[in-house]
Amino acid sequence: MSNSINEQIDSRRTFAIISHPDAGKTTITEKLLYFGGAIRDAGTVKGRKTGKFATSDWMEIEKQRGISVTSSVMQFDYDDKRINILDTPGHEDFSEDTYRTLMAVDAAVMMVDVGRGIEPQTIKLFEVCKMRGIPIFTFINKMDREGKEPLDLMEELEEVLGIESYAMNWPIGMGRDFLGIYDRFNNRIEQVGAEGDDRLLALNEDGGLAEPHPMIDTPYYKQTLNDIELLNEAGNEFDEERVAKGDLTPVFFGSALTNFGVQTFLETFLKFAPPPQPRLTMEKVEVNPKSEEFSGFIFKIQANMNPKHRDRIAFVRIVSGVFERGMSITVPRISRVFKLTQTTQFLADDRETVDQAVAGDIIGIHDTGNYQIGDTVVGGKSSFIFDALPQFTPELFVRVSAKNVMKSKHFHKGILQLVQEGAIQYYRTLHTEDVLLGAVGQLQFEVFEHRMKNEYNVEVQMEYLGSKVARWIENEGDVQESMAGQRAMLVKDRFEKLVFLFENEFAMRWFHDKHPTIKLYDLL
Ligand code: G4P
């Protein structure tokens, strides 16, 4: 591999921002794009609530809802780094795509609202990142508002998420009295309300302000010095290796809206966020990003990005080597070769044609129905396959059928394809053979219904079964159908494996007490 390509690979930083809705993910993304010069005005990425900047017309359903359905990718340069941010939609837009996006990043930034602390969706996304062992950086946002005590938040991180933390900086006051941050990493104080170099105040050897400053007489400053002393004595030590493994999260405080602490965060984050990481094949062989041959895997397929065409775009995370437009790739699963002439790279909501991309980058390849989520793509002569993407435990279920029984052939074809694509999960009741669909987010059902109608010309009817606790069974042979009941449905997944769908956690515990020999497990 040439030096220049190696340098390009080293410069890549590919990450996702995870958070519960409203923690400020969009706001901080805008600020980051702004610093990277990718947008001129911090406030133009999307304005879902007002609909003012509803830029995406990828799918009819997006227009109807005024949201962006699936994760997009944003690329920009900062200093000597090329940054790829993968968006992870939440709330009503939450779906398996959100989880799968986390399979394609090398690091995650976790946004936490200072007033709300760790929220449910943050926990779910965090767990997926933790499972992958990627570094997680925490940004505690909205310091311009009153919120929880910083020490309590650090404790919450450790107790709720079970991750140790290291405060890279510490707030001085909050809300209307937010005076700035005490930057332990850069050894300075960054003050609110000052511009340019005046923002930064030097510290002396004792860790206090080196020069006289009105802040010194405030109770907030004194409190911060006390907290810092406590952190120095009793807190965790900063340990780069533990950060890299995801065992220790560096914590930053700031305010995305007022753009305070964001640039310092970005610069420090870039020092520790890893370059593109190797990936294992099914044979557990490591594929190095700098290995000569191009390889990647598909983590998402987006239908109908351009409403004029019915084509799809497959999102590829490049694992190794260089992609060049027009090159041929093999999909080892089907042993077929494709020439990639129509490819896309992403920047905010504009899609640009890409001529060259390297390990760490995300490209979109044009798909007429050949690819599946999880597919490996390789250049050259190799035919290895990367480790499979995990399947996630669905939480919501519907019973589905075609409105018109004459359409049942189309119905089954449509379901088969959408299931293969990873849009939705397929289950079947044991004797009646009813089709059930499982999802992690409500939006998946809406997308399913919409696509069945538009792509397969089938109107479906869906009966909502609500949320269920799905559990697979280690010792299937010991299961008897009589164990199932109203509060524990027994179904099969698409691989013919038995699954119990419990009404709730309580029903599951009750089942466990009654049948202690049945070993249940969940997916991620
Ligand atoms: P999300 O993508 O994580 O869902 O959150 P988003 O950035 O859309 O932010 C959610 C709300 O929180 C927005 O207000 C946003 O302006 C506000 N916000 C984000 N960062 C900060 C911050 O640092 N301080 C304060 N005080 N507010 C912040 P909204 O009124 O719900 O929406 P909008 O009408 O402003 O778009």
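Read the numbers this way: they start at 1 and go in the same order the structure lists the ligands and their atoms.
Residue M143 places no N or O, backbone or side chain, under 3.5 Å from any N or O of ligand 1. Residue G254 has no N or O atom closer than 3.5 Å to an N or O atom of ligand 1.
For ligand 1, the atoms sitting less than 4.0 Å from at least one non-hydrogen atom of K25 are 1 (P), 2 (O), 3 (O), 5 (O), 7 (O), numbered in the order shown with element in parentheses. Annotation for ligand 1: atoms under 4.0 Å from non-hydrogen atoms of D22 are 1 (P), 3 (O), 4 (O), 5 (O), 10 (C), 12 (O). Annotation for ligand 1: atoms under 4.0 Å from non-hydrogen atoms of P21 are 4 (O). Near S19, meaning under 4.0 Å from any of its heavy atoms, are these atoms of ligand 1: 3 (O).
With a heavy-atom cut-off of 4.0 Å, T26 touches ligand 1 through backbone and side chain alike. Only the side chain of R145 comes within 4.0 Å of ligand 1, judged by heavy-atom distances. Heavy atoms from both the backbone and the side chain of S255 come within less than 4.0 Å of ligand 1.
Checked for salt-bridge contact, D227 and K222 miss the test: no charged N lies under 4.0 Å from a carboxylate O. R279 has no carboxylate O lying under 4.0 Å from a charged side-chain N of D387, or vice versa, which leaves the two without a salt bridge.
The closest non-hydrogen atom to atom 19 (C) of ligand 1, taken over T27, I17, D144, comes from T27.
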Verdict with reasoning, F126 to M110, per side chain to side chain contact (heavy atoms under 4.5 Å, CB included): CA-CA 8 Å; F126 171 85; M110 177 167 71; 3.9 Å; yes
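Counting only distance, with no hydrogens or angles, the side chain of Q444 and the backbone of Q425 share no donor-acceptor pair below 3.5 Å. Listed for the R13 side chain is a donor-acceptor partner under 3.5 Å among the backbone atoms of D10. Counting only distance, with no hydrogens or angles, the side chain of N141 and the backbone of A256 share a donor-acceptor pair below 3.5 Å.
Taking the centre and axis of the six-membered ring of F260, the NZ or CZ atom of R199 falls outside the cone set by 45° and 6.0 Å.
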